Amino acid sequence: QVQLVESGGDSVQAGGSLRLSCAASGDTINSDCMGWFRQAPGKEREGVARINSYGGTGYATSVQGRFTISRDSAKNTLYLQMNSLKPEDTAVYYCAARTGDLCFGFAGFNFWGQGTQVTVSA
């Protein structure tokens, strides 16, 4: 069973950048679909970005062109590079894994990290 630990959350001004990391242990994530989700206060959790085991990626419309998901197989770590941050990106960001090499949208993720807070001020 994989354990996921996020890091890299911080408070930044609008227009700034952050890189989130998700370190995995207990199992390799290289053959799994991996994703980033976020939940803002008073809102439901939403999918942000996903990557399958072949490197194929998908993004929410709201972050397309600003966020980039990637993985380092040697380090068993997932990343989310976030550029041109906006106040509406403020949320707790979660890393998640879905058993299997393909992603099916943002459904079926069965392992979750604890989350890391990202706050973007205007």
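Since we're looking at a predicted model, the values are computed, not measured.
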Next item on the list: Flag yes if Phe106 and Phe67 sit in one hydrophobic cluster, no otherwise; membership is Ile, Leu, Val, Met, Phe, Trp, Tyr, and two members link when side-chain heavy atoms are under 4.5 Å apart.
Entry: no
Notebook entry, point to check: Leu18 and Tyr59: same hydrophobic cluster, using ILVMFWY side-chain contacts below 4.5 Å?
Noted result: yes
Checklist line | Contact summary for Ala122 and Ala14, nearest pair of heavy atoms | finding: CA-CB, 4.3 Å
Item checked: Nearest-0.5 Å distance, CG of residue Leu78 to CG of residue Asp32 -> 11.0 Å
Checklist line | Any donor-acceptor pair under 3.5 Å from Ser53 side chain to Asn30 backbone | finding: no
Checklist line | Shortest non-hydrogen contact from Gln39 toward Lys43 | finding: NE2-O, 3.1 Å
Checklist line | Gln117 to Thr119 - nearest heavy-atom pair and separation | finding: NE2-OG1, 3.3 Å
Check: Between Leu20 and Met82, is a side-chain contact (heavy atoms from CB on, under 4.5 Å) present by the stated rule, with each step listed?
Finding: CA-CA 8 Å; Leu20 304 183; Met82 305 187 294; 3.8 Å; yes
Notebook entry, point to check: Minimum heavy-atom separation for Gln114 to Tyr94, with atom names?
Noted result: O-CE2, 3.4 Å
Margin query: Using side-chain heavy atoms (C-beta onward) and a distance below 4.5 Å, is Arg38 in contact with Ser62?
Written below: yes
Checklist line | Within 6.0 Å of CD in Glu88, more than 12 heavy atoms from elsewhere | finding: yes
Note to self: How long is the straight-line distance from OG of Ser17 back to CG of Asn83, given to the nearest 0.5 Å?
What the structure shows: 3.5 Å
Next item on the list: Compute both the distance and the angle, then confirm whether Arg19 meets the cation-pi test with Tyr79: under 6.0 Å from the six-membered ring centre, within 45 degrees of the axis.
Entry: yes
Checklist line | Exercise: identify the closest heavy-atom pair between Pro87 and Ser121 | finding: CG-C, 4.4 Å
Check: Hey, is the main chain of Asn52 close enough, under 3.5 Å, to the side chain of Arg71 for a donor-acceptor pair?
Finding: yes
Margin query: Membership question, hydrophobic clusters at under 4.5 Å side-chain separation (ILVMFWY): are Leu80 and Phe111 in the same one?
Written below: yes
Item checked: Inter-residue atom distance Asp10.CG - Thr116.OG1, 0.5 Å rounding -> 8.5 Å
Check: Are the side chains of Arg98 and Arg50 in touch, meaning some heavy atoms are under 4.5 Å apart?
Finding: no
Note to self: When you group the ILVMFWY residues by side-chain heavy-atom contacts below 4.5 Å and let the links chain together, are Val92 and Met34 in the same group?
What the structure shows: no
Margin query: How about CD on Glu46, more than 12 heavy atoms from neighbouring residues, nucleotides or ligands closer than 6.0 Å, or not?
Written below: yes
Checklist line | Side chain proximity check, Cys22 to Trp36, heavy atoms < 4.5 angstrom | finding: yes
Margin query: Please report the interatomic distance NZ(Lys75) to OG(Ser73), rounded to the nearest 0.5 Å.
Written below: 12.0 Å
Item checked: Interatomic spacing from OG1 in Thr57 to CD1 in Ile51 - rounded to 0.5 Å -> 6.5 Å
Check: Which atoms form the tightest heavy-atom contact between Cys95 and Glu6, and what is the distance?
Finding: N-OE2, 2.8 Å
Checklist line | Joint hydrophobic cluster, Ile69 plus Val2, side-chain heavy atoms closer than 4.5 Å | finding: yes
Next item on the list: Look up atom CG in Leu85 and atom OG in Ser11, then write down how far apart they are to the nearest 0.5 Å.
Entry: 11.5 Å
Checklist line | Parallel, tilted or perpendicular, as decided by the 30° and 60° cut-offs, for the rings of Phe37 and Phe109 | finding: perpendicular
